[in-house]
Novice: 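Below are the structure tokens for one structure; questions will follow.
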Amino acid sequence: MKFPFQISTAEQLEMDYKKSISNPEVFWAEIASHFLWKSKWEKTLSWNFEQPLVQWFKGGILNITENALDRHAAITPNKTALICEPNNPSETAISFTYEELLNKVNQFAHVLKNNGAKKGDRICIYMPMVPELAIAVLACARIGAIHSVVFGGFSAQSISDRINDAQCNLVLTADGAYRGNKSIPLKSVVDEALLSCPSVKTCIVLTRSNTPVSMLKGRDMWWEDELDKVNQMENSWFDAEPMDAEDMLFILYTSGSTGKPKGVVHTIGGYMVWTTYTFLNVFQYQPNEVFFCTADVGWITGHSYLIYGPLCAGATTVLFEGVPNYPDAGRLWDICDKHQVNILYTAPTAIRSLMQAGDQWLDGKNLSSLKKLGSVGEPINEEAWQWYFKNIGRQICPIVDTWWQTETGGIMISAIAGITEAIPAWATLPMPGVQPILVDENGNELEGAASGNLCIKAPWPGMIRTTYGDHDRCRAAYFSTYPGLYFTGDGAMRDEKGNYRITGRVDDVLNVSGHRIGTAEVENAINMHTGVIESAVVGYPHDIKGQGIYAFVIVSDKHHTLDLIQNDISQTVAQIIGPIAKPDKIQIVSGLPKTRSGKIMRRILRKIAEGDISNLGDTTTLLDPTVVDEIVLGRKK
Ligand code: WT7
């Protein structure tokens with residue numbers, strides 16, 4: 001399918017950018033008109049960042065799955081929509097054409113309906129990266145239910161917090177997940193979570209790893225049994241639920257600077273237009289190209305560029321169940337060769353770990369199908385960029401370094417593959433519709449080449465609408481630091497040509513292997529350990545992960561060795577949040593540097609964690625300056 005809004009020259013980009021800023025409503029109405037609507041919207045845009053209120057295409061009636069599936073199944077029924085590469089390379093890959101995927105989604109929509117799910121319900125999805133995950137997500141959208149996907153690495157506690165926050169009534173999971181040489185017992189984690197989730201009435205369980213699981217009568221159903229019932233129907237067509245453009249499509253929880261993750265809400269129409277538009281333009285997707293995004297569907301990248309963007313664009317998208325280093329560090333390259341991947345979209349942390357594994361893993365790999373490369377999730381350092389460009393891109397593939405966030409729904413600042421210039425370690429230029437601004441601490445706008453806090457001036461179709469169940473929190477987190485602006489939480493530099501380089505978070509949020517983790521969240525988890533009195537968590541530069549987690553902890557436990565206490569603290573964090581939040585370093589200290597008013601001086605702890613101890617700044621205002629010397633001495637290298 002050819003979309004007329006695909007940019008093909010730098011001049012066109014410049015023109016479109018200008019149009020999108022001078023008259024956003026006309027610009028986006030034209031683009032939205034190329035999608036399938038059951039009836040047209042009443043108003044293209046209403047907005048006010050004070051409340052905040054953002055509505056795009058309000059009153060327009062549609063179902064995103066008709067855009068992602070039906071329209072392509074009608075025109076190109078035999079085109080491959082989804083290629084699913086299993087964890088174990090000896091298992092056969094499974095592909096679905098647009099027609100087949102539509103049928104699967106229709107069938108599973110019946111399963112959901114048969115189990116009482118309806119428009120507006122919240123459905124929690126905690127699954128491995130198997131075809132049924134994509135099918136489940138789309139089936140929720142087809143019946144008008146709101147999906148809340150929880151990454152398979154989160155703990156029972158994290159799942160139940162998310163289920164309770166959204167009051168989900170249905171959970172979709174699997175017996176277990178394969179990830180590399182590990183098997184993760186998903187259903188038993190869900191069982192533990194559901195002990196404290198009274199809203200959940202039904203749990204549908206897919207068989208994947210054949211791990212024994214407990215199945216609770218009246219609550220737990222086998223996926224396969226439920227599908228059998230649908231297969232007995234004469235016709236399993238499912239009419240897509242008519243939805244308003246501003247109805248919720250999904251909730252995705254993400255960490256902020258407070259302890260509790262926020263349920264970021266995206267609505268249907270704007271998100272569809274934004275993800276499709278950015279997918280087609282940033283990657284310059286051409287019909288018949290194969291697109292491979294290595295992100296997990298549990299994160300926004302998986303939602304936007306593994307499922308919705310590519311499918312709405314009629315692309316072929318690859319879903320990989322496993323991890324880049326299993327069975328060896330050549331796996332991604334094998335997949336690129338096997339499925340003749342043309343566009344690879346991955347994270348700097350993966351690039352760095354494969355780079356470190358050594359170039360021998362590239363020997364004999366045929367990467368000639370690759371035409372374009374992408375990077376996402378954290379700043380990409382120059383060395384990793386060059387390695388990616390030379391070894392994977394054979395110095396001919398353009399690289400797009402795409403900056404965006406869970407809250408932005410899709411790519412905001414990026415080069416356009418092959419059309420605008422890529423600059424290593426720079427995200428470069430804003431997409432049409434995006435008006436970035438840099439401000440100083442006091443919210444004053446900085447002009448020209450500058451360094452400051454990155455904000456966005458005006459709404460774009462894919463932006464966050466609210467945080468689920470707590471609209472005030474959305475205002476407080478994003479719209480109140482600098483009134484009238486959306487604050488990203490990132491710092492950035494801008495050159496005289498208007499290129500942006502993202503320098504990292506300016507709030508208490510860490511980016512560990514491309515995953516967002518709040519320091520307060522980790523501190524809360526550490527403090528749950530019975531032997532812990534107080535803790536302070538900061539980030540430090542980590543060769544592979546980008547940032548590592550460094551915890552300073554005061555303990556009361558006198559009966560165990562320090563080693564054991566540290567391991568217990570790690571275990572506690574894994575139990576409360578998930579293994580991704582385990583501290584890399586734990587230093588037991590007798591006190592923390594605090595001001596006289598009791599505030600922890602994180603600036604000092606950050607410097608110590610970074611190993612930058614030559615100049616710790618002024619410590620005389622501290623309640624007890626000697627504690628700093630002790631911490632410096634006991635620093636974990
Ligand atoms: C944070 C958002 C965007 C999807 C994956 C992460 C950082 C993201 C880049 C980039 C520098 C980046 C920012 C941002 N980030 N992409 N290309 N260059 N930093 O989504 O979990 O919502 O995290 O990731 O700090 O705020 P997320």
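When a ligand or atom number is given, it counts from 1 through the structure's own listing order. Here the structure is a predicted model, which means the values were calculated and not measured. Values below: all heavy atoms of this structure, side chains included; hydrogens, waters and symmetry mates excluded.
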Novice: Check each atom of ligand 1 against the heavy atoms of Ile502 and keep those under 4.0 Å away; list them by number with element.
Specialist: 11 (C), 19 (N)
Novice: Can you find a side-chain donor-acceptor pair between Ser255 and Glu521 that sits under 3.5 Å?
Specialist: yes
Novice: How far is atom 10 (C) of ligand 1 from its nearest protein heavy atom, and which residue and atom is that?
Specialist: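 Here the nearest protein heavy atom works out to Glu378 O, 3.5 Å.
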Novice: Give the atoms of ligand 1, by number and element, whose distance to some non-hydrogen atom of Pro379 is under 4.0 Å.
Specialist: 11 (C), 18 (N), 19 (N)
Novice: Measuring centre to centre across the rings, with the benzene-like ring taken for any Trp, is Phe151 within less than 6.0 Å of Trp299?
Specialist: yes
Novice: Got a sec: does the CD of Gln395 have more than 12 other heavy atoms crowding it under 6.0 Å?
Specialist: yes
Novice: Which of the atoms of ligand 1 are close to Asn511, meaning less than 4.0 Å from one of its heavy atoms?
Specialist: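 The atoms of ligand 1 under 4.0 Å from a heavy atom of Asn511 are 7 (C), 24 (O).
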Novice: Passes side chain to side chain contact (heavy atoms under 4.5 Å, CB included), Trp426 versus Asp495? Steps please.
Specialist: CA-CA 10 Å; Trp426 288 69; Asp495 70 11; 4.0 Å; yes
Novice: Applying a heavy-atom cut-off of 4.0 Å, say which part of Thr402 lies close to ligand 1: side chain, backbone, both or neither.
Specialist: backbone
Novice: In terms of residue, atom name and distance, what is the protein heavy atom nearest to atom 22 (O) of ligand 1?
Specialist: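 Heavy-atom neighbour on the protein nearest atom 22 (O) of ligand 1: Thr406 OG1, 2.5 Å.
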Novice: List the closest protein heavy-atom neighbour of atom 23 (O) of ligand 1: residue, atom name, distance to the nearest 0.1 Å.
Specialist: Arg516 CD, 3.1 Å
Novice: Taking all non-hydrogen atoms of both residues, which atom of His147 and which atom of Tyr308 are closest, and how far apart?
Specialist: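 That closest heavy-atom pairing would be NE2-OH, 2.8 Å.
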Novice: One residue to check: Asp490. Relative to ligand 1, which of side chain, backbone, both or neither has a non-hydrogen atom less than 4.0 Å away?
Specialist: side chain
Novice: Looking at Trp387 versus Phe389, is the centre-to-centre ring distance below 6.0 Å?
Specialist: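 They do not qualify: ring centres at least 6.0 Å apart.
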Novice: Would you say ligand 1 has an N or O under 3.5 Å from any N or O of Ser375?
Specialist: no
Novice: What's the shortest distance from atom 16 (N) of ligand 1 to any protein heavy atom, and which residue and atom give it?
Specialist: Gly377 N, 3.1 Å
Novice: So is Thr488 polar-close to ligand 1, meaning N/O to N/O under 3.5 Å?
Specialist: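 N/O-N/O distance under 3.5 Å: no.
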Novice: Per the ring pair (Phe, Tyr, Trp, His ring centres under 6.0 Å) rule, which among Trp56, Phe279, Phe250, Tyr277 passes with Tyr271?
Specialist: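 Between Tyr271 and the candidates, ring pair (Phe, Tyr, Trp, His ring centres under 6.0 Å) is satisfied uniquely by Phe250.
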Novice: Once you restrict to heavy atoms under 4.0 Å, what part of Gln405 touches ligand 1? Side chain, backbone, both or neither.
Specialist: both
Novice: Think Lys262 forms a cation-pi with Tyr253, using NZ or CZ under 6.0 Å from the six-ring centre and within 45 degrees of its axis?
Specialist: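 Not flagged: Lys262 not positioned over aromatic ring of Tyr253.
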Novice: Looking at Phe154, does the NZ or CZ of Arg162 lie under 6.0 angstrom from its six-membered ring centre and within 45 degrees of the ring axis?
Specialist: yes
Novice: Of Arg516, Arg505, Arg352, which is the lone residue that meets salt bridge (Lys or Arg N to Asp or Glu O under 4.0 Å) with Glu378?
Specialist: Arg352
Novice: Can you list the ligand 1 atoms lying under 4.0 Å from a non-hydrogen atom of Asp401?
Specialist: 10 (C), 17 (N), 18 (N)
Novice: Between ligand 1 and Thr301, is the shortest N or O to N or O distance under 3.5 Å?
Specialist: no
Novice: Among all protein heavy atoms in this structure, tell me which lies nearest to atom 3 (C) of ligand 1, with the distance rounded to 0.1 Å.
Specialist: Trp404 O, 3.1 Å
